[in-house]
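First the structure, in the form of structure tokens, and then the observations on it.
We number each residue from 1, following the sequence as shown.
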Amino acid sequence: MSQIRPVSDLRNNFADISRTVHETKEHVILTKNGYGDMVVVSYEEYQRIQHELSVVAQLREAEWEARSTATRYTHSEVMENLRTRIQKSAVKENV
């Protein structure tokens, strides 16, 4: 459950807010004049959120592409393409 605290707590109780977001993995909502103003999360949680958003965006793009083309690939074709790309990438890294 996220905490709701006044924005002044960021200045006055920074260490407590930092400890809270790191230990609980929850975010802290800061209010200004009684309204939500900003959210504090740990850097690790921020990275996790960004990664999830990136995955969602890639899935949306894949769904759009699937709807816009009739081309379909078998599992074997996909796996062979991946193996080829991985091998080419490994060769480039060793050069």
Side-chain angles (χ1 to χ4, degrees):
M1 184 92 179
S2 46
Q3 291 185 19
I4 301 174
R5 300 170 73 156
V7 74
S8 60
D9 275 5
L10 190 58
R11 178 182 55 246
N12 301 330
N13 300 304
F14 178 82
D16 182 48
I17 291 174
S18 178
R19 187 176 57 256
T20 298
V21 299
H22 285 93
E23 289 177 359
T24 66
K25 306 296 184 212
E26 296 281 334
H27 53 274
V28 173
I29 300 169
L30 299 176
T31 62
K32 183 176 181 180
N33 298 324
Y35 296 97
D37 186 50
M38 62 180 91
V39 178
V40 179
V41 296
S42 69
Y43 183 67
E44 293 79 17
E45 183 65 10
Y46 173 78
Q47 286 181 311
R48 186 192 66 73
I49 292 167
Q50 292 301 309
H51 176 71
E52 283 186 14
L53 290 173
S54 173
V55 169
V56 168
Q58 291 172 1
L59 288 171
R60 284 185 182 150
E61 183 179 341
E63 287 174 349
W64 177 84
E65 189 173 335
R67 284 191 302 270
S68 66
T69 181
T71 305
R72 300 292 182 259
Y73 299 98
T74 66
H75 178 265
S76 300
E77 291 171 326
V78 171
M79 295 307 293
E80 183 59 34
N81 183 296
L82 285 172
R83 285 187 195 96
T84 301
R85 291 172 70 179
I86 290 169
Q87 289 172 350
K88 286 181 181 178
S89 177
V91 169
K92 286 182 182 178
E93 288 180 9
N94 291 329
V95 173

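Counting only heavy atoms from C-beta outward, the side chains of Leu30 and Ile17 approach each other to under 4.5 Å. Counting only heavy atoms from C-beta outward, the side chains of Thr74 and Glu77 approach each other to under 4.5 Å. Considering only heavy atoms from C-beta on, Gln50 stays 4.5 Å or farther from Ser54 through its side chain. Looking at Thr31 and Val7, their side chains never come closer than 4.5 Å, going by heavy atoms from C-beta outward. Proximity of Val21 to Val41: side-chain heavy atoms (C-beta onward) are nowhere separated by under 4.5 Å.
With hydrogens and angles ignored, the 3.5 Å screen pairs no side-chain donor or acceptor of Asp9 with any backbone N or O of Arg5. In terms of modelled atom types and a separation under 3.5 Å, the side chain of Ser89 and the main chain of Arg85 share no donor-acceptor contact. Thr20 contributes a side-chain N or O that, together with a main-chain N or O of Asp16, makes up a donor-acceptor pair within less than 3.5 Å. When atom types are taken as modelled, the side chain of His51 and the backbone of Gln47 share no donor-acceptor pair closer than 3.5 angstrom.
Cluster membership check: Tyr46 does not share its hydrophobic cluster with Val40, using side-chain heavy-atom separations under 4.5 Å among Ile, Leu, Val, Met, Phe, Trp and Tyr. Under the 4.5 Å side-chain heavy-atom criterion for ILVMFWY residues, a single connected hydrophobic cluster contains both Tyr73 and Met79. Under the 4.5 Å side-chain heavy-atom criterion for Ile, Leu, Val, Met, Phe, Trp and Tyr, Phe14 and Met38 are members of the same hydrophobic cluster.
Expressed to the nearest 0.5 Å, how far CE of Met1 lies from NE2 of His27 amounts to 9.5 Å. Distance check, rounded to the nearest 0.5 Å: NE2 of His22 to OG of Ser18 gives 5.0 Å. Taken to the nearest 0.5 Å, the CD atom of Glu26 stands 6.5 Å off from the OG atom of Ser2. Distance check: Leu10 CG to Lys32 NZ gives 12.0 Å after rounding to the nearest 0.5 Å.
Contacts of Tyr35 classified as side chain to side chain donor-acceptor pair (under 3.5 Å), with partners at least two apart in sequence or in another chain: none. In this structure, the salt bridge (Lys or Arg N to Asp or Glu O under 4.0 Å) partners of Glu45, at least two apart in sequence or on a different chain, are Arg48.
Every pair tested for salt bridge (Lys or Arg N to Asp or Glu O under 4.0 Å) that includes a residue from residues 62-75 fails, sequence neighbours excluded, so the list is empty.
For Glu61, the CD atom sits in a loose shell: 12 or fewer heavy atoms of surrounding residues, nucleotides or ligands are nearer than 6.0 Å.
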